[in-house]
Amino acid sequence: MLVHAPVIMGILNLTPDSFSDGGQFDSVKSAVEAATSMVANGASIIDIGGESTRPGAERISLETELARVIPVVEQICAQGIYVSIDTMRSEVAEAAIAVGARMVNDVSGGLADPQMFTVVARLGVPIVLMHWRGPSKTMQENTHYDSAVAEVCSELQDRAKAALGAGIQRGNIILDPGIGFGKDSEHNWELLRNLDALLAGGHPLLVGVSRKRFLGTLLSDDEGKPRDVGIREVASATTSAYLLQRGAWGVRVHDVQATSDAYKALCAINPNPPIDSIELLGLREFGRHGVLEHERINGQYFSVDATLGLSISHAAHTDNLADTVNYAEVADSIRARISGEPVDLIEKLAELIATDCLAFPQVVFAKIRVHKPDAPIEGEFGDVIVTRAKFVDS
Ligand code: PMM
């Protein structure tokens with residue numbers, strides 16, 4: 001089962017040399033405490049890794065990786081925490097799932113271990129496929145792209161197709177642009193500026209920017225010295241929160257609380273992230289709404305325009321009606337509301353229709369315009385229109 005968006009994935013690196021937080025945990029107990037505290041601060045997944053992927057890192061043996069991660073995965077899962085295993089090895093993925101992990105995060109997108117997809121398909125768990133062009137030791141030696149966005153999108157789609165071909169279910173595939181992996185600073189920014197292109201394939205998107213080198217470069221001092229890794233947190237949290245607002249399924253971060261705070265503040269200012277929509281215009285139906293007695297007795301025609309905000313990216317890909325809202329059903333419900341129990345005000349009618357529309361599971365926003373062209377107004381006039389815009393939960 002995939003955790004619902006927005007996901008803040010807390011990083012737990014059990015490596016002595018990870019670039020930002022290596023060597024933090026000297027015992028299973030302190031790692032469990034760190035995971036519990038991240039969950040208390042808003043993490044819905046803890047991503048546990050035993051092998052460093054910092055640029056230039058050497059690979060470690062399978063035995064070392066297993067010894068580092070499995071006891072910790074087991075203890076953290078025993079707390080009921082949703083754990084993802086950050087590994088390029090199918091043996092580690094399988095051992096971690098056996099002790100309770102529920103998801104695999106493979107930075108190589110299945111390229112490092114030819115068995116990875118077969119094993120994950122058999123285990124039936126979600127997998128993150130990150131964009132990767134080669135091992136950490138040499139990944140920054142070739143960072144040439146004609147178009148980073150187009151190439152990363154197409155290479156990720158290739159990995160998704162390979163995963164599907166190996167029997168992994170479509171709903172279990174999450175993609176990740178691999179920020180900092182075989183990419184220069186400008187490639188990373190270009191990818192983040194073009195999130196829509198990365199989302200267009202219809203897969204949930206995970207993004208990891210936390211404390212990465214391109215943020216250090218952005219925050220360089222006057223002499224051009226990059227900002228130290230420990231003081232990149234404000235930029236990390238701000239960028240991660242923004243990505244969640246732009247439609248990323250999840251962000252992978254070190255400081256869960258900072259990211260969660262930044263996201264809450266952004267949502268308070270802008271509860272209206274850019275979303276796709278379906279519009280139903282000019283739905284005409286007879287009703288008896290109005291304050292005056294003759295309106296109740298004789299009735300009149302009302303007309304409604306509805307804008308429904310929802311993500312259509314999944315349906316756009318699958319071409320399956322079940323993945324979107326059925327507009328014929330929405331139209332029926334609007335008509336039933338207009339011809340149903342009379343209310344005095346078209347403000348109330350608009351409110352009721354907006355609430356009905358938000359009851360359709362995919363719809364997160366409804367803007368309803370109710371027209372009353374024969375309203376009891378003296379003299380010539382064109383129309384009376386009331387507009388109600390409503391978010392789910394507002
Ligand atoms: N980055 C790192 C490690 N694992 N996994 C995913 N899916 N995406 C990432 O961007 C990613 C990752 C390297 O960062 P770290 O050393 O701080 O964990």
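One-based numbering, in listed order, for ligands and for the atoms of each.
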Exercise for the section: Closest by any non-hydrogen atom to atom 1 (N) of ligand 1: pick that one out of K212, M88, R211. Expected result: K212
Against heavy atoms of [X], which atoms of ligand 1 measure under 4.0 Å?
| X | answer |
| --- | --- |
| N105 | 5 (N), 6 (C), 7 (N) |
| N13 | 15 (P), 16 (O), 17 (O), 18 (O) |
| L206 | 7 (N) |
| V128 | 7 (N) |
| D176 | 6 (C), 7 (N), 8 (N), 9 (C) |
| V107 | 4 (N), 5 (N), 12 (C) |

Exercise for the section: To the nearest 0.5 angstrom, please state how far the OG1 atom of T53 sits from the CH2 atom of W132. Expected result: 11.0 Å
Problem - Heavy-atom closest contact (H294 atom, P376 atom, distance) - result: NE2-CB, 4.3 Å
Problem - ligand 1-proximal atoms of R252, by part, heavy-atom distance under 4.0 Å - result: side chain
Handout entry: Ring-ring centroid check H187 Y145, cutoff 6.0 Å
Key =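 Under 6.0 Å, so yes.
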Practice task
Kindly state whether the ring of F181 and the ring of H131 have centres lying under 6.0 angstrom apart.
Solution key: no
Problem - From CA spacing to verdict: salt bridge (Lys or Arg N to Asp or Glu O under 4.0 Å), R288, E341 - result: CA-CA 8 Å; R288 296 178 187 278; E341 187 69 28; over 6 Å; no
Exercise for the section: Before giving the answer on side-chain hydrogen bond (donor to acceptor under 3.5 Å, both in side chains), spell out for D184 and T143 the whole-Å C-alpha distance, their side-chain angles and the decisive distance to 0.1 Å. Expected result: CA-CA 7 Å; D184 295 338; T143 56; 3.0 Å; yes
Exercise for the section: State whether R227 and E233 are salt-bridged, where the test is any N-O pair (Lys NZ or Arg NE/NH1/NH2 against Asp/Glu carboxylate O) under 4.0 Å. Expected result: no
Exercise for the section: Only pairs at least two apart or in different chains count here, so list each salt bridge (charged side-chain N to carboxylate O under 4.0 Å, His left out) that has a residue in residues 99-118. Expected result: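 Listed once each, the pairs would be none.
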Flag [X] as yes when one of its N or O atoms lies below 3.5 Å from any N or O atom of ligand 1, and as no otherwise.
| X | result |
| --- | --- |
| D47 | no |
| D86 | yes |
| T53 | no |

Exercise for the section: Check whether any heavy atom of R54 sits under 4.0 Å from an atom of ligand 1. Expected result: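 No; R54 lies far enough from ligand 1 that no heavy-atom distance drops under 4.0 Å.
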Handout entry: ligand 1 contact by H254, heavy-atom criterion under 4.0 angstrom
Key = yes
Practice task
Examine the side chains of K367 and T387 and answer whether a donor and an acceptor come within less than 3.5 Å of each other.
Solution key: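 Distance-only check fails for K367 and T387.
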